[in-house]
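In the text below, chain A, chain B and the rest are named by the order of the sequence lines, each starting its count at 1.
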Protein chains: 2
Amino acid sequence: MNQPRDIVKKLTEHGYRLTPQRLMIVSAIEDSDGHISAEEIYAQVIAKYPQVNISTVYRTLELLKKLGLVTETDFGEGRVRYHPAGKGHHHHLVCQECGAIVDLDESVLVPLKNVLLREYGFSADLRHLAIFGRCVKCSQ
Amino acid sequence: MNQPRDIVKKLTEHGYRLTPQRLMIVSAIEDSDGHISAEEIYAQVIAKYPQVNISTVYRTLELLKKLGLVTETDFGEGRVRYHPAGKGHHHHLVCQECGAIVDLDESVLVPLKNVLLREYGFSADLRHLAIFGRCVKCSQ
DNA sequence: AGGTATATTGCAAGCTTTTGCAATTACAAC
DNA sequence: GTTGTAATTGCAAAAGCTTGCAATATACCT
């Protein structure tokens, strides 16, 4: 499990600078329950450090994604949510009718990942997926 | 395979009005090679009918999606692309390193669809998916 | 500690998509 | 063919996210 310290370590290892903005953004993500939006991160950061710009939040999120430290999931809300990769992966079944969200164990996608790797040589990044459709109730 | 006539039929069946805007938007999608963006549809439509607004394009696309007549795919370009549902479904493997796109047969996702239905009662809408990751070349 | 290179930031503008609202128009009923 | 009404549109503004550029600040080197 990654802790803020591990993220900081990974940043310096890759030659990225440790700015106060980055440290606060990382803390906000780590302190969250796991599905935090850019706007929510931004709100937390400016509470302590009001001159930070939201574009810095987006740029930091992009960097953390690139380093594999956070995953991004689109729940179809019109905004995307972020999850610290160290807190484990899981997926979501999102009902387009009633909006219900059911969590899905990561293992369900392992066979697909294996097929893609075996038959196409493709390493799929399926770490935090939202699958849309209809739940049991709404399918009737 | 749906033709414009079928789409028109489905619209009237559901009580939606046949406006010239809708008819032109439907034609643009049907005439495309299958992965057309909202901006491209808009450009085709205003060539003949200049006062049409792009929000009408987006609203029509939303309606066609809801009726299952078009599918929407995010290739990670910062804009989404549309495909007439009648022209068949397929998926895409998008390499995040080099941008290569490999087409994937629909059948590869059938086992996943079945597991979700059997174990969660969830009818997944997996008609035109983009899966991100790394292609063979970029994985080394 | 001080100087330097360059990564990073803030700002403003832009892009894609969505939404509220008033004006318009398709379609059904007469 | 007229009329009524509710669906649809255009417009303008806004939401979410990205980007170019000049100013700033981190980390390295001495």
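- Atom CD of Gln21(A) and atom P of dC11(C) are 11 Å apart (whole Å).
- For the residue pair His83(B) and His90(B), no side-chain donor N or O sits within less than 3.5 Å of a side-chain acceptor on the partner.
- For a distance-only test at 3.5 Å, the side chain of Arg17(A) qualifies as a donor-acceptor partner of the base of dT6(C).
- At a threshold of 4.5 Å between non-hydrogen side-chain atoms, the residues Val52(B) and Tyr49(B) count as touching.
- The shortest side-chain heavy-atom distance between Ile41(B) and Leu61(B) falls under the 4.5 Å cut-off.
- Counting to the nearest Å, the P atom of dT24(C) and the CZ atom of Arg22(B) are 19 Å from each other.
- A donor atom on one side chain and an acceptor atom on the other are not found under 3.5 Å apart for Asp103(B) and His91(B).
- Taking for each of Pro20(B) and Thr60(A) the nucleotide of DNA chain C with the nearest heavy atom, the 5'-most of the two is the partner of Thr60(A).
- Tracing side-chain contacts under 4.5 Å through hydrophobic residues (I, L, V, M, F, W, Y), one never reaches Phe75(B) starting from Leu116(A); they form parts of separate clusters.
- A nucleotide of DNA chain D counts as in contact with chain B when one of its atoms lies under 4.0 Å from a heavy atom; the first and last such, 5' to 3', are dA6(D) to dC11(D).
- Residues from residues 51-59 of chain B with heavy atoms under 4.0 angstrom of DNA chain C, sorted by number: Ser55(B), Tyr58(B), Arg59(B).
- Using a 4.0 Å heavy-atom criterion, one finds that Glu62(B) contacts no nucleic acid atom at all.
- Nucleotides of DNA chain C nearest to Leu18(A) and Arg79(B) differ in position, and the one nearer the 5' end is that of Leu18(A).
- For Glu72(B) and dT16(C), the CD to P distance is 15 Å, given to the nearest whole Å.
- Following rounding to the nearest Å, Leu23(B) (CG) and dA26(C) (P) show an atom-to-atom distance of 10 Å.
- Remark: C1' of dT16(C) and OH of Tyr42(B) are 13 Å apart, rounded to the nearest angstrom.
- Inter-residue side-chain proximity for Leu117(A) and Ser123(A) is flagged as met; some heavy-atom pair is nearer than 4.5 Å.
- The CG atom of Leu11(B) sits 13 Å away from the C1' atom of dA26(C) (whole-angstrom rounding).
- Looking at His89(A) and Glu106(A), their side chains do bring a donor and an acceptor atom within 3.5 Å of each other.
- Using a 4.5 Å cut-off on side-chain heavy atoms (C-beta onward), Ser37(A) and Glu40(A) make contact.
- Note: CG (Asp74(A)) to P (dT18(C)) measures 11 Å, nearest angstrom.
- Between Leu61(B) atom CG and dT16(C) atom P there is a gap of 14 Å when expressed in whole angstrom units.
- With a 4.5 Å cut-off on side-chain heavy atoms, Arg22(B) and Arg59(B) do not count as touching.
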